[in-house]
Amino acid sequence: MFRMLVFGIMMVSAAGAAPLNAPFHYQGTHYRLTVFPSGRLENCSTGRMKLFSSLELYGNYEHPGEEYDSRMFQASAQASSRLEKTGGNQFRLISAGVLGNGKIRDAAAFEQTTELEPAGFRVRWRVTLKVPLKTRSGIFSSLMHGPVESMIDRGIVAGSQRDQVITIPATCERNKGLYKYGVGILWFSLPETILNVVAGEKSAMTVIDCRSWGEPLFRLDFSQISVWKNDLEEYPAGTVWEWSVAF
């Protein structure tokens, strides 16, 4: 495996940006992860601890009067990526594709830039609607799922307007789990390192304990800052959402 990875790096270095036709396994100083050709990130770990199982683009909207699954996932998107070595153990992946569902196949076009460096990584998303869609808030976000066991009783500090300590308890009653929106910075005290997660300009994070609805997961949602509206608003084709995050 090690020889195969090094050979792939040498090919990228010699030829510049190249199509990503297979999962790309990256090893940083304190973390490792895999990027798939769709741009979806999976299995990010530090030491023996898994930080997240997946980080992917997601979309959903409202469709009154019609019954169908309107969710859109990057894992099933029509997408491709290109990999470029930018120096040392540094890489940039540019992913592009189309999000849709069973009802609307070509709902939105997306562009994603993932920059991998030894000390951490950054991801930027840009999504452009191809058809009008309705919502009361933002349509698109990025969902990070990880095992909740990894976060129980960890020291977590959330920084927005003022710092606040967050605790993920060992047990969680249904519908009473943590749900905190509008977070700009998070610090996690992990066994072997301190993880700092920073939302980019005009971006925000939502911290969620998914045990509220029966899933043993810890979730971070990343999105463009948006405001909830009481009434449905239709966004025309061409509307753009942009947000970013750094780990």
Requested in this report: Could you tell me which residues satisfy side chain to side chain contact (heavy atoms under 4.5 Å, CB included) with Ser142, sequence neighbours excluded, listed by chain and number?
Outcome: Leu55, Leu57, Trp125, Phe222, Trp243
Report task. Could you tell me whether the side chains of Glu115 and Gln90 share a donor-acceptor contact shorter than 3.5 Å? Result -> no
Query raised in the report: Below 4.0 angstrom, N of the basic side chain to O of the carboxylate: do Arg122 and Glu117 qualify?
Result: yes
Report task. Could you grab the distance from atom SG of Cys44 to atom CE of Met49, nearest 0.5 Å is fine? Result -> 10.0 Å
Query raised in the report: Would Ile185 end up clustered with Ile194 when hydrophobic side chains under 4.5 Å apart are linked, directly or stepwise?
Result: yes
Report task. Answer yes or no: is there a donor N or O on one side and an acceptor on the other, between the side chain of Thr86 and the main chain of Arg92, under 3.5 Å? Result -> no
Query raised in the report: Mind checking whether Phe91 and Tyr26 have parallel, tilted or perpendicular rings, split at 30° and 60°?
Result: perpendicular
Query - Nearest non-hydrogen partners of Arg105 and Val98, listed with the distance - result: O-CG1, 3.9 Å
**Report entry** Short side-chain to backbone donor-acceptor contact, Gln164 and Ala158, under 3.5 Å
**Finding:** no
**Report entry** Check: Gln27 main-chain N/O paired with Asn89 side-chain donor or acceptor under 3.5 Å
**Finding:** yes
Query raised in the report: In terms of side-chain heavy atoms, does Asn60 have a donor or acceptor partner in Ser70 at a distance below 3.5 Å?
Result: yes
Report task. Please list, chain by chain and in numerical order, all residues satisfying salt bridge (Lys or Arg N to Asp or Glu O under 4.0 Å) with Glu66, sequence neighbours excluded. Result -> Lys103
Report task. State the OG1-CD1 distance between Thr239 and Ile139, to the nearest 0.5 angstrom. Result -> 7.5 Å
Query raised in the report: Backbone N or O of Gly28 within a donor-acceptor pair of the Arg32 side chain at under 3.5 Å?
Result: no
Query - Between Gln112 and Thr114, a side-chain donor and acceptor under 3.5 Å - result: yes
Query raised in the report: Who passes ring pair (Phe, Tyr, Trp, His ring centres under 6.0 Å) against Phe188, sequence neighbours left out?
Result: none
**Report entry** Between OG on residue Ser38 and CG on residue Leu99, distance to nearest 0.5 Å
**Finding:** 10.0 Å
Report summary line: Tightest non-hydrogen contact, residues Ser212 and Cys172, listed as N-SG, 4.1 Å
Query - Path from Ile208 to Val183 over hydrophobic side-chain contacts below 4.5 Å - result: no
Query raised in the report: Should Tyr179 and Val148 be counted in the same cluster of Ile, Leu, Val, Met, Phe, Trp and Tyr side chains packed under 4.5 Å apart?
Result: no
Requested in this report: Write out all pairs satisfying salt bridge (charged side-chain N to carboxylate O under 4.0 Å, His left out) with one or both partners inside residues 215-232, taking only residues at least two apart or from two chains.
Outcome: Arg219-Asp221, Lys229-Glu233
Query raised in the report: Do you know the tightest heavy-atom contact between Ile166 and Lys180?
Result: CD1-CD, 3.9 Å
Query raised in the report: About how many Å separate CG of Leu41 and OG of Ser95, when rounded to the nearest 0.5 Å?
Result: 8.5 Å
**Report entry** In one Ile/Leu/Val/Met/Phe/Trp/Tyr side-chain cluster, 4.5 Å: Phe36, Ile94
**Finding:** no
Query raised in the report: Looking at Trp241 versus Phe110, is the centre-to-centre ring distance below 6.0 Å?
Result: no
Query - Sub-4.5 Å side-chain heavy-atom contact between Val245 and Val198 - result: no
Report task. Determine the minimum heavy-atom distance between Pro37 and Ser81, stating which atoms define it. Result -> O-OG, 2.6 Å
Query - Interatomic distance, Trp228 atom CH2 to Ser137 atom OG [nearest 0.5 angstrom] - result: 7.0 Å
Requested in this report: Determine which pairs satisfy salt bridge (charged side-chain N to carboxylate O under 4.0 Å, His left out) with at least one residue from residues 127-150, sequence neighbours left out, and list them in order.
Outcome: Glu62-Arg136
Query raised in the report: Which pair of non-hydrogen atoms, one from Ala204 and one from Ile225, has the smallest distance, and what is that distance?
Result: CB-CG1, 3.9 Å
Report summary line: CD of Gln78 to CG of Asp106, rounded to nearest 0.5 Å, is 5.5 Å
Query raised in the report: Does anything in residues 194-209 pair up under side-chain hydrogen bond (donor to acceptor under 3.5 Å, both in side chains), and if so which pairs, sequence neighbours excluded?
Result: Asp209-Arg211
Report task. Examine the side chains of His30 and Thr46 and answer whether a donor and an acceptor come within less than 3.5 Å of each other. Result -> no
Query raised in the report: Is the centre of the Phe140 ring less than 6.0 Å from the centre of the Tyr58 ring?
Result: no
Query raised in the report: Looking at Arg82 and Glu84, does any basic side-chain N land under 4.0 Å from a carboxylate oxygen?
Result: no
